[in-house]
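Here is how names work: the chains are called A, B, and so on, in the same order as the sequence lines, proteins then strands, and each is numbered from 1.
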Amino acid sequence: GTRINTCTCVLEALNSTCYGSCSRGSTNRETAFRPNEGDSSCPEYILEDGHTVGCVLQAEGDGILSFSIRRGTRPLLAKSQWISSYRKSRPPWRLDLPVAEEAVTVTCSELPHKSLLYEIQYKSTFDPEWQAEEGRSCNVSIPGLDPDKCYFFRARARTMEAAYGPDTYPSDWSEVAHQQRGRRRDSCQEQRLFPRFVLISGAVAFLTV
Amino acid sequence: YDFTDCNFAKIEEEYQNVIFLALKEYMNGIKSTQFNHTVYCGDRPSCLTEIERLTFKSSQCLSLAKKIVTATNATLNSHCPGHSGIQINNTQAMKKRKKREVTTNKCLKQVSNLIELWRYFSRSQ
Amino acid sequence: GESGYAQNGDFEDAELDDYSFSCYSQLEVDGPQHLLSCAFEDPDVNSTNLEFEICEGLLEVKCLNFSKLQETYFIKTKKFLLIGDSTICVKLGGKHITCQKLNIVKRVKPEAPFDVKVIYREEANEFVVTFNTSHLQKKYVKDLLHEVVYRLEKNENDWMHVNISSTKLTLLQRKLQPNAMYEIKVRSIPNTNYFEGFWSEWSPSSHFRTPENNSGKMD
């Protein structure tokens, strides 16, 4: 039978749009989503390679959404789910990076929903991977940073399982912000190569003149 | 009982740190989204009304999950003025009933609806 | 809150020693088992025949009796409800001498951090400090604040302090003395509104030497 394996509900502040997508097995047959009560068919199907793979269901606020999948008149699946179980928040924005005594406090615009966790990632040009800190508000202090180094910062929001369940989606990452010596930068050059690179290129230039 | 005057912040704190883990333990890895959600609440007082009903009034399942019943009873009694909750039975009676009951699908559905009520309570302002 | 009260009546005549006591809890210290430990404030109290009992805030039972190991009384159980107050009483011959109301979740003493490592990153001119804590795997007390302290080995009490919530920290080479041996250790305290309590014991110390100028060696 057909199984809904993902239902991505992107909840904007005002309205809720739930994208229901079906497993690939059902691609060559037309499937009908029935949003909420009654028999109104899906207002907007999601197509992939010409096949129906999902439906955009409009839902208001934070409530229970009932929908079903039928083949013709035969019901395949009927579901009633709290929309927020599949929440994906918008990314935080307006990253701010005030510096105080070698600690950068990353702040960003908080989203208008409760029980969110804000994950801050940062790295210097010497770090191969992002390092992470997390807080219940978008005001996370990161100690021990070297003011002379250039750092990348980004933020995203994710929901607390106790309030939304385990099936939600973290937001996309915010834009990356760069900072060095307490001042915002447009980007971080690869600092590590610069000193040696100049030395080598200088020697080459000298040799070839 | 009208739950309007409860200390919601305290209840939320005890739910997030204790009751949530007891509910999760009961579901034993089964996600609540595997069940249909049929019990709705629209604000914190009505959520607590439904939570009390599902937890105490149809507790044939929940006698298995003593921690959920006892913890919910404790938090409502502590933070809802005048709420007396239920008398937690003595151990022997509980032990006898425990042997007969198995976590039925019906009970999992009930607890999954209970989880969703608590979640809505926790995320509402 | 804490309010000590003695059982009046039967003990009025007896000259009452000071039986005040303090307790701390360690949650999930042994799988799902919690540990509650209590000891008299006055080490000189003659504790023979004295027993401890806890009532309320328990699952499926009304009260539990403590076991005793030297001068410490302890309970290891899964039956703490972790909601609301409990009452702990000192008993002599079955009679309550003194009791205290306390909330187990507000007296949590985390387990000490361990595995402190310091790695020198020459290209970045910094030392990366990492350590481990058993609380990362726990369900209840997961969020801790860690205090990292380090000092020049020869400077007895000149500790530098940094508080962090993650288990990784970088120390800038230029902030440390060159060609010197440092000692570093970590301790933890609960860092949530719900679980509160005391500092853990210190982790075992780790030692590292700073490079003379540009090359470093871990000891």
Side-chain angles (χ1 to χ4, degrees), chain A residues 1 3-9 11 13 16 18 20-21 23 34-37 57 59-69 75-89 110-117 134 136-137 157-169, chain B residues 8-48 50-51 54-55 67-68 71-72 75 105-106 108-125:
Chain A
R3 189 171 50 77
I4 286 190
N5 55 9
T6 54
C7 176
T8 312
C9 296
L11 293 182
S16 315
C18 179
S21 54
S23 56
R34 293 274 183 269
N36 295 327
E37 283 76 31
L57 304 167
E60 280 307 316
D62 184 352
I64 295 178
L65 183 70
S66 302
F67 55 91
S68 62
I69 299 178
L76 298 175
L77 182 88
K79 274 278 195 184
S80 296
Q81 298 279 289
W82 283 85
I83 301 168
S84 282
S85 298
Y86 302 97
R87 167 185 289 271
K88 173 176 180 175
S89 300
E110 294 207 355
L111 299 165
H113 312 298
K114 254 186 77 176
S115 304
L116 295 181
L117 293 170
E134 195 169 70
R136 292 183 75 150
S137 67
R158 67 181 178 85
T159 58
M160 285 173 64
E161 186 184 349
Y164 291 89
D167 293 315
T168 60
Y169 306 85
Chain B
F8 297 126
K10 281 286 182 190
I11 294 173
E12 179 184 342
E13 206 177 46
E14 287 173 357
Y15 158 69
Q16 287 187 350
N17 288 283
V18 180
I19 297 172
F20 161 63
L21 293 166
L23 289 165
K24 195 174 176 183
E25 195 178 310
Y26 182 88
M27 294 300 284
N28 200 13
I30 299 167
K31 288 185 180 175
S32 67
T33 43
Q34 281 182 236
F35 296 91
N36 274 334
H37 304 143
T38 52
V39 187
Y40 173 77
C41 66
D43 58 36
R44 290 185 132 179
S46 70
C47 288
L48 292 182
E50 293 300 326
I51 285 166
L54 277 193
T55 307
K67 206 185 278 189
I68 298 173
T72 305
T75 198
N105 207 51
K106 176 173 160 295
L108 287 171
K109 181 179 185 213
Q110 181 175 322
V111 172
S112 92
N113 271 280
L114 184 56
I115 286 175
E116 294 295 339
L117 291 169
W118 273 114
R119 281 184 188 151
Y120 184 86
F121 171 86
S122 179
R123 59 175 182 259
S124 44
Q125 308 287 352

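- Taking each heavy atom of A/I64 and B/Y40 in turn, the nearest pair found is CD1-CB, 4.0 Å.
- Contacts of residues 116-125 of chain B with chain A at a heavy-atom distance below 4.5 Å involve B/E116, B/R119, B/Y120, B/S122, B/R123, B/S124, B/Q125, listed in sequence order.
- Heavy atoms closer than 4.5 Å to chain B are found in both the backbone and the side chain of A/S80.
- A/K79 places a side-chain N or O within donor-acceptor distance of the main-chain N or O of B/T33, the cut-off being under 3.5 Å.
- Heavy atoms closer than 4.5 Å to chain A are found in the backbone of B/F35, but not in its side chain.
- Note that OG of A/S115 is 5.0 Å distant from CD of B/Q16, once rounded to the nearest 0.5 Å.
- Contact record, B/H37 with A/W82: ND1-N, 3.2 Å, taken as the closest heavy-atom pair.
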